[in-house]
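Reviewing the structure listed below.
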Amino acid sequence: MLPVPWIAVGVTGHRHPRLPVANSDAVGDAITWCLTRIRDEAAALVAGDDDCLADAALHCRLVTSLAEGSDTIAANRALLAGYRIDACLPFERDEFARDFGAEALTAYRAALSSCRTVTELPGNRRDELGAYEAAGRMVLDQSDLLIAVWDGSPALGRGGTAEIVAEAVLAHVPVVIIDVDGALATMLWSGLDEAGHDRPTVEGVPRCAFDQCIGRVMQTLMSPPTNPLDLAMIGRWQRETDHRRSPALGYPILLAMVAGKPLSRPDFRPSTAADCRRPFDEWIAQLPDMGQLGGRLKQLVAPRFGRADASASYFAQLFRSGFIVNFAFAALAVLLGLMGLLVPHGKLYFAIAELGVIAVILANTRSARNRGWHERWMDNRHLAERLRVLALSAALGDPELRVGVDDAGSLPGWVQWMARATGRELGLPAGRIDQGYLERVKAAMLTLVDEQIAYNHRNARRMERVERRLHNFGELLFAVTVLACGSWIIAKLVRPDLMVGEGVGPTQFVTVATAFFPALGAAIYGIRMQGDFHGMAHRSETTARLLARLKRAIECDAPDYDIMKDRVKRLGDILLMDVEGWRTTYQARPLHLPG
């Protein structure tokens with residue numbers, strides 16, 4: 001279940017003649033030295049990590065467009081350094097072959113035959129520079145760091161080396177600059193400045209000699225979170241197992257009583273990881289054939305999604321039921337304390353029962369804190385949604401390696417790390433990204449959007465019903481309290497000697513009612529505030545509305561690669577915004593003793 005260690009290095013650079021043929025060996029030697037240092041630094045980090053990575057050797061890959069010059073030189077050197085080669089071509093492979101002369105064409109075909117995966121983008125000669133730009137961006141999306149063979153001059157057109165370097169710097173990707181004479185220049189990276197840069201530029205980004213800072217760069221890229229809570233969460237996630245039954249029925253019972261949702265099997269027997277991954281498997285089966293990437297989605301992403309989704313559902317029920325039990329039992333404790341007024345000879349037994357109820361509240365709260373119900377619910381839900389979107393974005397060549405890079409606060413550290421580690425394992429989709437390919441990705445995206453719209457509409461209606469009915473019931477309890485007080489005053493004025501049974505009269509009944517009903521009303525108010533049902537309904541309705549707007553746009557779109565990438569990113573933003581709203585709400589509301 002833990003990720004296998006991978007590191008991906010992208011390459012961009014000049015072609016001949018801006019890269020003189022006479023300098024090819026010197027440039028190749030510099031690339032070899034960089035690739036070797038990167039591999040060795042990463043391997044040392046992996047060797048020292050026994051808890052967060054699978055017990056497997058480091059895998060290294062070079063991502064290249066295989067253009068003449070720097071790209072093919074780097075591909076040849078990477079093979080010798082033990083890297084696998086993945087290629088992202090701007091055109092269909094035979095069309096791209098027209099870029100090469102006779103001698104270079106032989107080198108291109110040899111390099112192509114050595115690639116493990118080849119992606120052919122739907123570029124066309126009418127927008128040749130746009131095709132090169134798309135390929136360069138996919139190389140960047142796939143890379144943890146970038147090697148650029150660059151003479152420092154501005155780009156001569158779209159997709160040029162200078163433009164890709166500038167985009168890499170802006171995306172906080174470490175860039176190793178090798179001059180066209182083979183001299184190793186500097187590492188450009190915003191992370192070298194502890195203060196950080198929101199929008200770094202090539203001119204203003206911090207830089208240092210490659211050999212002086214490569215260790216620090218790799219430490220940042222590869223190391224798991226150092227926060228003790230994140231490390232504990234990774235350990236918990238790895239040890240998660242299926243649960244035979246749920247000990248928490250408070251939330252399902254509340255929904256059954258208030259929202260009309262009948263109790264069902266998953267309320268008593270939580271869904272397993274296999275149950276949760278089954279619809280995910282059916283959904284990704286709609287995606288086009290992607291070669292090894294399709295297999296990795298089934299073998300790596302699907303089981304992790306299933307585990308995260310099942311755990312999120314289980315701990316959500318525990319947490320929600322936990323605060324409902326706490327507030328309900330607090331009201332019950334008040335009632336038990338008052339029952340001695342009505343049954344004086346049972347006072348001892350009621351006191352014992354009251355202590356038992358309080359003990360349940362204490363044990364429930366302690367278990368929630370010690371087992372991290374709240375954190376495990378939110379973090380697993382975050383991871384599940386991140387992996388769901390990753391399946392779509394990976395099909396378009398973006399493994400989401402930039403998750404949390406420029407907004408680290410939006411994802412928990414371990415979730416961010418797990419999502420990026422999973423993305424590293426996926427690699428490129430194999431084959432041609434043509435119109436048929438894009439149509440199938442579009443269909444899968446619409447399926448996901450439809451499912452999420454239906455879920456959010458359903459959840460909004462249910463939560464609004466819970467909020468309204470709990471509010472009305474709470475008001476009714478206070479109205480009954482007022483009525484009981486008024487009735488007692490009237491009865492006392494009319495028949496001051498009215499008594500019932502052996503010393504138990506209206507005074508005792510009214511005392512119990514006027515103490516218990518407000519306590520129960522306060523408990524209901526506490527459940528409403530802790531559950532934030534109105535806020536959940538509003539967020540779900542907002543999410544459904546945003547998704548409906550996105551759906552209309554997707555349906556109107558022609559199957560265009562760049563547009564579809566933007567749509568997938570927007571879908572991810574919407575789904576993560578919804579989960580982030582939950583986190584913001586519940587982060588400040590962990591399970592406490594009612595008071």
- Message: Closer than 3.5 angstrom, by distance alone: can the side chain of Ser113 be matched with the main-chain N or O of Ala110 as a donor-acceptor pair?
- Response: yes

- Just checking, is any N or O donor in the side chain of Thr32 or Asp29 under 3.5 Å from an acceptor N or O on the other one? no

- Message: Between Ser70 (side chain only) and His14 (backbone N and O only), is there a donor and an acceptor less than 3.5 Å apart?
- Response: yes

- Message: I want to check something: taking the side chain as every heavy atom from C-beta on, are Thr161 and Val149 in contact at a cut-off of under 4.5 Å?
- Response: no

- Task: Decide, yes or no, whether a salt bridge links Arg570 with Asp566 under the criterion of side-chain N to carboxylate O below 4.0 Å.
- Result: no

- Near Arg371 CZ, under 6.0 Å, is it more than 12 heavy atoms from other residues, nucleotides or ligands? yes

- For the atom pair CZ (Phe319) and NE2 (His374), what is the distance rounded to the nearest 0.5 Å? 5.0 Å

- Item | Donor-acceptor under 3.5 Å (Arg296 side chain, Leu426 main chain) | yes

- Note on the structure: Here the gap from Leu145 atom CG to Thr220 atom OG1, rounded to the nearest 0.5 Å, amounts to 11.5 Å

- Query: Are Arg15 and Tyr132 in a cation-pi setup, meaning NZ or CZ lies under 6.0 angstrom from the ring centre and within 45 degrees of the ring axis?
  - Reply: yes

- Item | Student check: side-chain heavy atoms of Met233 and Met418 closer than 4.5 Å | no

- Could you walk me through whether Ser143 and Leu401 pass the side chain to side chain contact (heavy atoms under 4.5 Å, CB included) check? CA-CA 8 Å; Ser143 304; Leu401 298 184; 5.8 Å; no

- Task: Would you mind checking if Glu385 and Arg381 are paired as a salt bridge, meaning a charged N to carboxylate O distance below 4.0 Å?
- Result: yes

- Query: With distance as the sole test, does Asp144 use its side chain to make a donor-acceptor pair with the main-chain N or O of Ala8 at under 3.5 Å?
  - Reply: yes

- Task: Classify the angle between the aromatic ring planes of Phe96 and Tyr108 as parallel (below 30°), tilted (30 to 60°) or perpendicular (above 60°).
- Result: perpendicular

- Message: Do Pro3 and Arg304 have side chains that approach each other closer than 4.5 Å (heavy atoms only, starting at C-beta)?
- Response: yes

- Query: What are the two closest heavy atoms between Ala419 and Leu390, and how far apart are they?
  - Reply: O-CD2, 4.3 Å

- Give the intermediate values and the outcome of side chain to side chain contact (heavy atoms under 4.5 Å, CB included) for residues Leu392 and Trp283. CA-CA 10 Å; Leu392 272 180; Trp283 172 64; 3.7 Å; yes

- Query: Rounded to the nearest 0.5 Å, how far does CE of Met378 lie from CG of Leu383?
  - Reply: 13.0 Å

- Query: If you look at every heavy atom in Asp230 and Trp414, which pair is closest and at what distance?
  - Reply: OD1-N, 3.3 Å

- Message: Do Pro90 and Glu133 make a side-chain contact, defined as non-hydrogen atoms from C-beta onward lying under 4.5 Å apart?
- Response: no

- Check: His382 and Leu576 side chains under 4.5 Å, non-hydrogen atoms: yes

- Task: Spell out, as yes or no, whether a donor-acceptor pair under 3.5 Å connects the side chain of Arg199 to the backbone of Leu170.
- Result: no

- Message: I need the Glu163 CD to Thr12 OG1 distance, nearest 0.5 Å.
- Response: 10.0 Å

- Item | Heavy-atom side-chain contact between Thr543 and Ile574 under 4.5 Å | yes

- Flag side-chain contact, heavy atom, 4.5 Å: Leu571 against Arg388: no

- Query: Are Met187 and Pro174 close enough that some pair of their side-chain heavy atoms sits under 4.5 Å apart?
  - Reply: yes

- Message: Walk me through whether Val139 and Ile164 qualify under side chain to side chain contact (heavy atoms under 4.5 Å, CB included).
- Response: CA-CA 9 Å; Val139 168; Ile164 299 303; over 6 Å; no

- Item | Tyr314 backbone acceptor or donor facing His243 side chain under 3.5 Å | no

- Quick one: closest heavy-atom pair of Asn380 and Arg307, and the distance? OD1-O, 4.5 Å

- Just how far is it from atom CH2 of Trp150 to atom CD1 of Ile178, taken to the nearest 0.5 Å? 13.5 Å

- Any salt bridge between Arg137 and Glu167, counting N to O under 4.0 Å? yes

- Test side-chain contact (heavy atoms from CB on, under 4.5 Å), reference Leu428, set Arg116, Gln142, Gln292, output is Gln142

- Say whether, by atom type as modelled, one donor and one acceptor occur between the side chain of Thr117 and the main chain of Ala430 under 3.5 angstrom. no

- Query: Looking at Val205 and Ser190, what are the two nearest heavy atoms and their distance?
  - Reply: CG2-N, 3.4 Å

- Item | Inter-residue atom distance Arg244.CZ - Thr272.OG1, 0.5 Å rounding | 11.5 Å

- Message: On a heavy-atom basis, which atom in Ala312 and which in Trp377 lie closest, and how many Å separate them?
- Response: O-CD1, 3.4 Å

- Task: May I ask you to decide whether Asp141 forms a salt bridge with Lys565, counting only side-chain N to carboxylate O separations under 4.0 Å?
- Result: yes

- Message: So that I can tick it off, tell me whether Arg236 and Glu240 are bridged by a salt bridge, with the cut-off set at under 4.0 angstrom between side-chain N and carboxylate O.
- Response: no

- Quick check: does any side chain N or O of Asp275 sit under 3.5 Å from a backbone N or O of Arg277, one acting as donor and the other as acceptor? no

- Task: Report the C-alpha separation of Val27 and Ser24 in whole Å, then their side-chain angles, then the decisive distance to 0.1 Å, and conclude whether the side chain to side chain contact (heavy atoms under 4.5 Å, CB included) test is met.
- Result: CA-CA 5 Å; Val27 168; Ser24 296; 5.9 Å; no

- Message: Looking at Leu396, is its backbone amide N or carbonyl O close enough to the side chain of Tyr561 to form a donor-acceptor pair, meaning the two atoms are under 3.5 Å apart?
- Response: yes

- Message: When you measure from the side chain of Thr186 to the backbone of Leu188, do you find a donor-acceptor pair of N or O atoms at a distance under 3.5 Å?
- Response: no

- Message: For Arg567, is there an ion pair with Asp562 - N to carboxylate O distance below 4.0 angstrom?
- Response: no

- Message: To check you understand the geometry: which heavy-atom pair defines the closest contact between Gln286 and Ala443, and what is its length?
- Response: OE1-O, 3.9 Å

